[in-house]
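First up is the structure itself, then whatever we jot down about it.
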Amino acid sequence: FGSMGPTDKGLFFYAGPGQADPADAAGNTMRLWDNTALSVRELEALSSRAPVTAPVRFVMTQCHSSGFLRLIRPGARDQRGLGPYNRCAFTAEPIDHLNHRCAPPAADADAEQDRGYAGDFFSALAGRTRADLDGDRVVSLHEAHLYAVVAGDSGDLPRSTSEAYLERWQPTWLRYLDTASEPDNEYSRVARVLAERLRLPSHGRPLLDALETRQKDMTTRLQRLADEAQRVNAEIERLQTTLRRALVQRWPAAAHPYTAAYARFLSTEAGAAQGFLVSQTATYPTLVAKQDRQAQILRDRRALDRSLTQLDKLLRMRQLARLKDQFDRHASPQARQDYERLNRCERLPL
């Protein structure tokens, strides 16, 4: 950051693991090599070495990455005003949401086929999509972000600093004054595209009813799968215990890992032990079937989670449409100036 000139443009991209600080989002971190980490607060201080006028854009795709939207605030504090620096950010995940890179490892390599927010975002910037919303033949980071929101099928739930600014700006009294209007702006148009893609009504009461019905259905299916997973896991544990007991009766040394006898067992009897387990026809085939079902349940749950995330994106775009309309009607001159600064940063091309 310190080597940037006043007219330079900076881009910071991170796609590694992340960790949340439950007490303060400014303590959320990027996990780095050698068991080190860099927090939102630390990155805010580092990026302050860049000239005030130089736009610095951040694209963060780790779990809990939306904590890094605080980079626009002085000292990464939770406040409405912006710092003096020309920064903006795009993130893949809310603070309390886990994407597929944060979830436990899949049971098989094909369980996750989506490429996530980063893949769609940079595909748009590379010109391999129809992300040029204003038709100027140049895709800005803002356009790439909205394209990724619409195109993504993953469990990512993206955010940008201008969106976070609108959410933080909204006065309490406006939260309850207007909950049903459907203004015509950029976010409402994105919401309609998402609704069409999800084969839902485009707007109004029909859309809300369909959303509620689909959410209830998916939530019910998720609960059923969770209940089944609990039963299947218990049955797997029981079958494994039965096989383990039979194995130890045949080879007592197998009951004592980290011993010399156990090492000899592995070096001389491992093949025979495997054949013995497979020959337990009353137990082993059932265990394999249960483990296959366990893997399928995991795939089904993740597919439902991704589908629910698409509904969340649609609801959020509708909410942002109302927020932007409220902002246009009620924001102070200072708030408008701050918001416009964020927009200029986000809408710059690479």
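Throughout, residue positions are numbered sequentially from 1 according to the sequence presented.
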From the options Leu69, Asp78, Ile72, select the one residue that forms a side chain to side chain contact (heavy atoms under 4.5 Å, CB included) with Arg168. Asp78
Charged N to carboxylate O below 4.0 Å: is that the case for Lys216 and Glu212? yes
Can you label the angle between the Trp251 ring and the Phe276 ring as parallel, tilted or perpendicular, going by 30° and 60°? perpendicular
Kindly say whether the aromatic ring centers of Phe122 and Phe13 come within a distance under 6.0 Å. yes
In this structure, CG of Leu314 is separated from CG of Leu198 (nearest 0.5 Å) by 6.5 Å
Test item: Met317 and Arg192 side chains (from C-beta on) under 4.5 Å apart, heavy atoms: no
Can you tell me if CZ on Arg329 sees more than 12 non-hydrogen neighbours from other groups inside 6.0 Å? yes
Pair Lys313 + Asp156, salt bridge at N-O below 4.0 Å: no
Does any non-hydrogen side-chain atom of Lys324 lie less than 4.5 Å from one of Tyr339? yes
State which residues pass ring pair (Phe, Tyr, Trp, His ring centres under 6.0 Å) with Phe58; sequence neighbours excluded, sorted by chain then number. Phe12
With a 4.5 Å cut-off on side-chain heavy atoms, are Asp132 and Val138 touching? no
Would you call Glu269 and Arg250 a side-chain contact if the rule is heavy atoms closer than 4.5 Å? no
Walk me through whether Asn185 and Asp328 qualify under side-chain contact (heavy atoms from CB on, under 4.5 Å). CA-CA 11 Å; Asn185 56 36; Asp328 290 342; 5.7 Å; no
Pair listing, ring pair (Phe, Tyr, Trp, His ring centres under 6.0 Å) test, anchored in residues 171-195, at least two apart: Trp173-His330
Quick one: name the residues clustered hydrophobically with Trp33, using the 4.5 Å side-chain heavy-atom rule over I, L, V, M, F, W, Y, and just say none if it's on its own. none
Take atom CD of Gln240 as the centre, draw a 6.0 Å sphere, and report whether it contains more than 12 heavy atoms from other residues, nucleotides or ligands. yes
Partner residues of Leu315 under the side-chain contact (heavy atoms from CB on, under 4.5 Å) criterion, sequence neighbours left out: Leu211, Gln215
I'd like to know if Arg231 pairs up with Asp227 as an ion pair, taking the criterion as any Lys NZ or Arg NE/NH1/NH2 lying under 4.0 Å from an Asp or Glu carboxylate oxygen. no
Rounded distance [0.5 Å steps], CD in Gln170 versus CG in Leu323: 4.5 Å
Grouping I, L, V, M, F, W and Y whenever their side-chain heavy atoms are under 4.5 Å apart, do Leu342 and Val56 come out in a common cluster? no
Residues 22-38 vs salt bridge (Lys or Arg N to Asp or Glu O under 4.0 Å), sequence neighbours excluded, gives Asp24-Arg41, Asp24-Arg70
CD-CG distance between Gln337 and Leu82, expressed to the nearest 0.5 angstrom: 9.5 Å
Between Leu71 and Met60, is any pair of side-chain heavy atoms under 4.5 Å apart? no
The criterion is ring pair (Phe, Tyr, Trp, His ring centres under 6.0 Å); which residues satisfy it with His145, sequence neighbours excluded? Phe90, Tyr117
Can you hop from Met4 to Leu141 via hydrophobic side chains spaced under 4.5 Å? no
Considering all heavy atoms of both residues, which atom of Ser65 and which atom of Ala92 are nearest to each other, and what is their separation? OG-N, 3.3 Å
When you compare the side chain of Met30 with that of Leu43, does any pair of heavy atoms fall below 4.5 Å? yes
Within-4.5 Å side-chain heavy-atom neighbours: Cys88 and Arg57: yes
Test item: side-chain donor near acceptor, Asn233 and Glu237, under 3.5 Å: no
Could you check whether Ser48 and Arg87, counting side-chain N and O atoms only, form a donor-acceptor pair closer than 3.5 Å? yes
Can a salt bridge be assigned to the pair Arg316 and Asp312 using a cut-off of 4.0 Å between side-chain N and carboxylate O? no
Trace of the salt bridge (charged side-chain N to carboxylate O under 4.0 Å, His left out) decision for Glu44 with Arg73: CA-CA 9 Å; Glu44 194 279 332; Arg73 315 291 186 185; over 6 Å; no
Flag the pair Arg224 and Asp300 as a salt bridge only when some basic side-chain nitrogen lies within less than 4.0 angstrom of an acidic carboxylate oxygen. no
Assess whether salt bridge (charged side-chain N to carboxylate O under 4.0 Å, His left out) is satisfied between Arg238 and Glu235, documenting all intermediate values. CA-CA 5 Å; Arg238 185 189 68 80; Glu235 185 65 9; 2.6 Å; yes
Looking just at side-chain N and O atoms, do Asp292 and Gln296 make a donor-acceptor pair shorter than 3.5 Å? no
Under-4.0 Å salt bridge between Asp305 and Arg301: no
Any side-chain heavy atom of His256 sitting closer than 4.5 Å to one from Phe265? no
Can you tell me if Glu182 and Ser188 form a side-chain donor-acceptor pair at under 3.5 Å? no
Heavy atoms of other groups near Arg336 CZ, more than 12 under 6.0 Å: yes
